[in-house]
Structure formats: structure tokens, C-alpha cells
Enquirer: 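Sharing a structure here in C-alpha cells format.
Below, all heavy atoms of this structure are taken into account, side chains as well, without hydrogens, waters or symmetry copies. In what follows, every chain begins at residue 1, and chains take the letters A, B, ... in the order their sequences are listed.
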There are 2 protein chains.
Amino acid sequence: MATIRDVARAAGVSIATVSRVFNDHTLVNPETASRVLEIATKLDYWPNGAAQSLTTRRTQTLGVMLPELFGEFYSEVIRGIDRQSRAHDYQILLSSSHSNGEEVLIAGRAMLGRIDGLIMMAPDEASIETVERVRRRVPVVLLNPRIEVEGCCSVAFENFSGARAAVTHLIGLGHRDIAIITGPPGNVDAEERLRGFRRALADAGMDPDAAAVIPGDFRESAGYEAGVALLARKPRPTAVFAANDGMAVGLLAALAAAGKRVPRDIAVVGFDDIAMAAYLNPPLTTVSVDACGLGHRAVDLMMGAIESGPTGGSLRQQLPAVLVVRQSCGSATAGTGLLEQTAGSSGGTVRRGRK
Amino acid sequence: MATIRDVARAAGVSIATVSRVFNDHTLVNPETASRVLEIATKLDYWPNGAAQSLTTRRTQTLGVMLPELFGEFYSEVIRGIDRQSRAHDYQILLSSSHSNGEEVLIAGRAMLGRIDGLIMMAPDEASIETVERVRRRVPVVLLNPRIEVEGCCSVAFENFSGARAAVTHLIGLGHRDIAIITGPPGNVDAEERLRGFRRALADAGMDPDAAAVIPGDFRESAGYEAGVALLARKPRPTAVFAANDGMAVGLLAALAAAGKRVPRDIAVVGFDDIAMAAYLNPPLTTVSVDACGLGHRAVDLMMGAIESGPTGGSLRQQLPAVLVVRQSCGSATAGTGLLEQTAGSSGGTVRRGRK
DNA sequence: TTGTATGCGTTATCAT
DNA sequence: ATGATAACGCATACAA
């Protein structure tokens with residue numbers, strides 16, 4: 001393939017001139033420029049990106065590392081990153097499905113020299129060291145970080161207050177025996193949601209330790225199994241908070257299979273507000289988070305970090321988690337207010353209906 | 001940051017030796033190697049990817065270009081590509097949301113030098129020229145191509161036979177007035193599905209030109225609007241084939257809003273079998289395609305193309321589109337067989353139930 | 001306005 | 001087993 005040298009030779013100029021034409025740096029003689037352009041077109045010359053980034057130290061690429069690419073949630077995050085990156089003329093170097101620190105390290109090394117910044121969601125604590133090492137080279141933006149890393153910006157959802165609002169709503173509806181299906185152990189989101197669940201109970205004067213905590217892993221199948229386990233329980237909880245919608249879907253299926261009616265027999269609330277939540281039977285009450293917006297925001301932070309260089313501060317941003325009341329949680333029972341504002345320092349809000 | 005030179009200096013060896021240690025090329029003296037490794041660790045040396053790929057002409061990266069990143073379908077494709085790429089130790093350079101040939105060209109140029117191959121789904125015919133130009137540089141694998149490009153491998157779904165099977169099924173159920181909600185004009189999948197729709201009607205001795213063809217664009221909102229338009233029609237069709245599930249979802253919502261019962265009043269069939277299809281009310285009969293598998297297969301083809309070099313043949317592969325019968329299409333009416341095999345050279349198959 | 005020359009951080013081909 | 005040194009393709013400081 002034609003290189004800058006080929007074009008220079010064919011046009012009878014130096015490579016510096018060709019380079020200038022393509023980067024319209026210094027003013028180049030219009031005639032010369034058009035001649036070079038013509039030759040370049042004829043030779044179908046495309047500058048080599050690797051060579052460019054080697055000299056300019058710029059790649060116009062953002063690295064993205066995610067723990068896994070399963071479930072709608074991560075797809076949405078990627079979409080958000082993708083869109084906003086394009087708006088800034090950046091491409092995305094994707095490397096997901098990392099389950100441990102070792103893989104993260106390898107992927108990080110492979111990205112070095114090919115990216116101007118890294119947006120990552122660390123699967124576990126072990127990846128923190130990798131983050132530190134990457135951070136010495138390019139800006140890093142953390143997604144829902146377990147631990148804040150000095151010098152890294154981060155964006156996170158208000159998992160805690162979102163979960164708290166959801167459970168508080170159930171309590172407001174009159175429920176006193178509420179179970180939770182948790183996410184995978186070690187997952188930050190899962191832990192925060194569990195914490196919100198417990199806090200809501202405690203706030204209402206109930207004993208968090210008395211509540212049924214059924215282990216899950218964010219997958220639909222776990223929700224189904226949890227449903228089976230739940231039905232065998234005596235006394236059977238009157239409401240269930242699933243730590244994500246995927247498990248809520250499985251739970252709903254298990255309940256339906258057992259002939260239970262939702263919300264009459266059991267109330268169900270999820271978390272994430274995935275696309276199908278509004279279309280489930282019954283429509284799922286859940287906590288809505290804007291996964292796409294998370295990616296969008298991460299890119300914005302990254303752009304700032306790239307601009308300001310290594311001295312850039314470490315902004316922390318929180319994105320709201322809003323309770324969306326649909327039908328799976330049932331309506332207010334007599335004597336209980338339905339519209340009370342959910343408590344929470346971050347001011348939880350409540351939305352109703354399909355969207 | 002430390003470069004290979006820094007390591008060499010600190011270890012008292014030449015850069016060639018350091019390079020050898022990291023690529024375990026020729027045998028290096030174990031002592032020297034361990035010393036170099038030690039120094040490299042201390043200096044936190046990471047090879048620069050851009051420099052590596054400049055000399056080796058290898059990037060361990062696959063370019064991925066998609067027309068848009070909206071809807072579950074594309075997310076699934078990306079997931080498939082991502083997974084299989086990782087299995088081959090490749091990363092992904094993503095650039096989506098391209099709506100026209102100009103954008104595709106720009107994105108293609110930006111990728112040059114950073115990728116070993118390109119997997120792309122061209123939004124329109126104008127992108128073909130870009131494909132040709134990219135192809136002279138790196139192998140290209142096309143996803144659902146409108147036109148086969150000489151020297152490019154491709155993977156496509158059996159859109160035609162899938163749609164045909166779906167509509168044939170409706171006809172077998174006794175329907176004689178079947179409408180279609182089409183995808184966006186110019187979209188290959190959309191056109192093939194329309195073609196399958198028409199063929200099914202023709203095969204049954206019906207007049208394709210007499211059928212109601214309602215324009216859509218694959219979005220949920222288009223399905224909703226189509227539903228409204230459909231209900232105003234007299235006589236009202238007894239069945240509708242939505243060219244994708246997203247529109248079927250909107251259609252279902254419109255019908256429910258109008259108090260119509262599915263499938264009693266109107267039968268509905270979709271295409272894609274997205275995750276929520278099985279959970280809709282009623283569960284959606286649709287044509288299932290394995291979007292994730294498409295990506296997976298594309299990577300496999302790419303690996304072959306990269307191996308075999310520029311002389312690699314141009315394999316074309318077809319992935320099945322299987323009718324999944326759920327409840328939105330209703331059951332057989334008297335006198336009509338329900339289990340008949342769908343016609344089609346590619347041997348359409350029928351599946352039942354939730355999965 | 002244009003050309004020369006150097007460097008970016010590697011790998012790889014020679015020697016030694 | 002190891003060391004010079006020449007690419008790789010481009011951008012850019014400096015000279016002309």
C-alpha cells in the first residue's frame with residue numbers, strides 16, 4: 001500500500017509537504033496541495049494510524065474495559081460510550097468479559113499505546129493495582145468503583161438510595177416480611193443494593209437480620225431458583241426485592257409456574273429498568289438507572305481528563321436511581337400513604353407508569 | 001514512562017536483548033533474562049502497542065463497524081464478536097452509528113494501521129466503495145451484505161426463508177388478510193423479509209399486491225403507529241407480520257390500548273426473537289435469529305482470512321432463521337394443519353414454546 | 001513555501 | 001548469547 005513516501009515521490013515533493021497537506025498545518029501552496037491531493041487519491045493513500053499515534057502520542061481512541069458483556073445493562077453502557085465518543089471523534093477499543101485481575105492486567109497492557117484514556121468497570125478489588133499502573137500512563141475513568149482511586153474520575157449510580165427507596169415503598173404499601181434476592185458476592189452494585197435494602201428496613205423499625213436474604217448472581221436463572229426457594233419458605237414473604245431486573249424476570253416466571261399471582265400473592269420489585277420491564281406481566285416496578293447515560297457521562301469526564309492532562313482532578317459523579325412504580329408491587333393498602341417521598345440524602349424520586 | 005531503552009540501559013544490555021526477553025525469541029541467557037525482567041518490573045515497563053504494530057504489522061485488533069448501535073440486536077452481535085475475539089486474543093476497535101457512506105469512509109480511514117481485519121455491516125450501497133478500499137489493505141468480513149463483494153467473506157441470516165416460514169404459518173392458521181409492517185427502506189434485512197412475506201402469499205395462491213404494506217423503521221414507535229393505522233383499516237387484517245420484534249412490541253401496545261385481544265382479534269408475528277419476546281403479553285411468536293452467533297461466526301471467518309492472507313477465498317455463510325411459535329399468533333383453526341413443515345429451499349424449521 | 005533531518009518505540013537483520 | 005543498526009510510517013523543528 002502507498003505510504004507518504006510514495007505520494008511524495010510521485011508528486012515530486014518531500015514527505016514533509018505531503019504531511020502538511022494532510023494536516024493542513026502551515027500554509028502550503030494551493031497548487032502544490034491540490035497536486036499532492038490528486039496523487040494521493042490516485043494512489044489511494046491512507047495515513048497509517050499506528051505511525052501517526054507513535055509520533056503524535058495521540059490515538060483518538062478510548063479504551064473500554066468491562067467485567068462482562070452479558071445482560072442488557074452493559075450493552076447500554078457501551079452504547080452510551082460509543083455515541084458520546086463519536087461525538088468527540090473518538091473510537092473505542094473494547095475489551096470485556098474480564099473476570100479477574102490477571103485478565104485485566106493483560107488487557108490493560110495490550111491497550112497501552114493504542115488509547116488516550118481508559119474507561120473501566122473493575123470486576124474485583126484485584127484490578128485496582130492495574131488501574132494504578134494504567135493511570136500513570138493515561139487518564140482513567142472508573143464506572144461504579146468499589147474503591148475510589150486517587151487521581152481517577154468516576155461515575156456511579158445511587159445504588160444505595162435507589163434500593164432504599166424501592167424497599168421503603170414496599171414498606172409503605174404495608175409489607176412487613178420482605179425478602180431480597182442478592183447479586184453476586186463481591187459485586188459492588190449488589191452490595192450497595194443490599195445495604196439500601198437493610199437500611200430501609202431499619203429505618204422502618206424492622207430488623208434487617210430477620211429478613212430473608214436469598215443469594216443470587218444477577219442472572220435470570222438465579223431469580224427462578226430463588227423463586228422456588230421462596231415459595232418453600234414458611235412463613236412466605238409477602239414481597240421480594242430482586243437486586244436486578246434479570247432476576248426479577250426469573251422470579252416472575254417461577255411464581256407464575258407455581259400459580260402465584262403478582263402482586264396479589266407476592267409483590268415484586270426489581271432494579272435497572274431494562275427495556276422489557278414495562279412489558280412484563282405484570283409490568284415490573286423497578287428502580288430505573290440510565291446505563292446509557294452512565295457511558296455518556298464517563299466519556300465527558302474522560303474528555304475533561306484528557307484536556308487537563310495528568311494533573312486533572314478526580315471528579316466523582318453520581319447518577320440518580322429512580323423508583324418507577326408499575327404494577328408488580330401492587331397498590332397502597334388502606335391507611336398507607338402511597339405518594340410519600342422516599343427518604344434519602346440524595347433525594348430519591350418516584351416516577352409512575354410505563355416510562 | 002519507561003521505554004525499552006530505559007530498561008536496556010538500567011540492565012546494562014542492548015535494546016535488542018530486552019526485546020528478545022519480551023518476545024522470547026532466540027534463546028537468551030537465563031540470567032540476563034531474569035535480570036532484564038526484574039528491571040522491567042521495577043521500572044514498570046510496558047511495551048508500546050503502536051510501536052509494536054508499526055514494526056510487526058500486527059495489531060491483534062479487529063475493527064467493527066455497524067450502522068447503528070440501537071436495539072438489542074446489534075448489542076448481541078457485538079457481544080458475539082467480543083467473546084470470540086477474546087478467545088483468539090484479539091481486541092475490538094468499535095465504531096458504530098454510521099448512517100451514510102461518508103461516515104463509513106472516515107471511520108475506515110481512522111482504523112487503518114490499527115486493525116488486522118474489519119467486520120462490518122454496511123448501512124447502504126454507498127459504503128461498498130469503502131469496503132473495496134479497505135479490502136485492499138486488510139481482510140473484510142461482511143455482515144448481512146446487500147451485495148456480495150468479491151474477495152470478502154460474509155455471514156447472513158436466512159431472512160427470506162424465515163419471513164416466508166412465519167407468514168406461511170399464519171396462512172396455515174387460516175389467515176387470508178395478512179398485513180406487514182416493514183423495516184426502513186434501503187435496509188437489506190427489511191427488504192428480504194418483505195420478499196419472504198410476498199413469496200409466502202404467492203405460494204398460497206394469494207395476491208401479494210393486495211396485502212397491506214405499512215411502512216416502518218424497526219423502531220418500537222413505528223410499530224405503535226402502524227398499529228393505529230392498522231386498526232383504522234377496513235376491512236381490518238386478521239394477522240400482522242412485523243418485520244422485527246421491536247415494532248411488534250409497539251404494535252402489541254397499540255392493540256392493547258385499543259382494547260383488541262391478541263391473537264383472538266388480531267394475530268401477531270415478529271422477527272428476531274429478542275430477549276423480551278417470550279415475556280410479552282401474549283408471548284410473541286417470532287422468527288429467531290442468533291445475533292450473537294452471527295458475530296461469533298464472523299470472527300471465525302476473519303481468523304481464517306487473516307491466516308490465509310490476501311489470497312483467501314470469499315466464503316459465504318448463512319445462519320438459520322427459525323420460526324418460534326408462541327401465543328401471539330393463535331392456534332390452528334379447524335381443518336388447518338398446524339405442524340406442517342414450512343417450505344423453503346433452506347429447509348425452514350419450527351420450534352415451539354418459550355425457548 | 002518547501003526540504004532535510006531527527007525522533008517516536010519497537011522488531012528484526014545482520015554482525016560479532 | 002548479545003550488540004549495532006536499519007527499518008516501520010509519520011510529524012515536526014529547523015534550515016533554506
Side-chain angles (χ1 to χ4, degrees), chain A residues 1-37 39-40 43-61 108-116 136-138, chain B residues 1-40 43-61 109-116 136-138:
Chain A
M1 273 294 94
T3 72
I4 196 172
R5 243 178 282 274
D6 298 322
V7 177
R9 195 174 313 139
V13 297
S14 73
I15 61 170
T17 299
V18 178
S19 177
R20 285 190 196 103
V21 170
F22 273 81
N23 300 298
D24 49 24
H25 244 0
T26 329
L27 285 318
V28 180
N29 185 318
E31 288 178 27
T32 319
S34 70
R35 183 157 42 96
V36 168
L37 240 27
I39 299 279
L43 262 45
D44 198 25
Y45 166 67
W46 285 10
N48 181 298
Q52 283 181 315
S53 53
L54 189 57
T55 55
T56 62
R57 300 174 163 295
R58 275 293 212 133
T59 62
Q60 292 298 316
T61 303
R109 292 174 76 125
M111 284 185 167
L112 185 67
R114 309 180 191 281
I115 58 175
D116 293 336
R136 298 178 53 189
R137 299 164 162 94
V138 293
Chain B
M1 272 296 92
T3 72
I4 196 172
R5 242 177 282 274
D6 299 321
V7 177
R9 196 172 317 139
V13 297
S14 73
I15 59 170
T17 300
V18 178
S19 178
R20 283 190 197 101
V21 170
F22 273 80
N23 300 294
D24 49 23
H25 245 0
T26 330
L27 283 320
V28 180
N29 186 319
E31 288 178 26
T32 317
S34 71
R35 181 158 42 98
V36 167
L37 240 25
E38 190 184 341
I39 299 278
L43 263 43
D44 199 24
Y45 165 68
W46 284 9
N48 182 298
Q52 284 180 316
S53 53
L54 188 58
T55 53
T56 61
R57 301 174 163 295
R58 275 297 211 126
T59 62
Q60 292 297 319
T61 302
R109 291 175 77 124
M111 283 184 168
L112 187 67
R114 308 178 191 281
I115 59 174
D116 293 337
R136 297 179 52 189
R137 297 164 163 95
V138 294

Enquirer: Please tell me if the side chains of B/Met1 and A/Leu112 come closer than 4.5 Å, counting only heavy atoms from C-beta onward.
Expert: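 No, side chains not in contact.
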Enquirer: Atom CG of A/Asn29 to atom P of C/dG3: distance rounded to whole Å?
Expert: 11 Å
Enquirer: Taking the side chain as everything from C-beta on, heavy atoms only, tell me whether A/Val18 gets closer than 4.5 Å to A/Val21.
Expert: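 Not touching, per the 4.5 Å side-chain cut-off.
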Enquirer: For the CZ atom of B/Arg137 and the CG atom of B/Asp116, what is their distance to the nearest 0.5 Å?
Expert: 15.0 Å
Enquirer: Are A/Pro47 and B/Arg109 side-chain neighbours, meaning at least one heavy-atom pair lies under 4.5 Å?
Expert: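 Counting from C-beta outward, A/Pro47 and B/Arg109 do come under 4.5 Å.
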Enquirer: Under 4.0 angstrom, heavy atoms only, what part of the nucleic acid is B/Gly12 near: base, sugar-phosphate, or nothing?
Expert: sugar-phosphate
Enquirer: Roughly how far, to the nearest 0.5 Å, is the CZ atom of B/Arg20 from the CD1 atom of B/Ile15?
Expert: 10.0 Å
Enquirer: Between D/dA1 and B/Thr32, is there an OP1 or OP2 to side-chain N/O distance shorter than 4.0 Å?
Expert: no
Enquirer: Nucleotide by nucleotide, 5' to 3', does protein get under 4.0 Å of the base (B), only the sugar-phosphate (S), or neither (-) in nucleotides 7-16 of chain D, counting heavy atoms?
Expert: BBBBBBB---
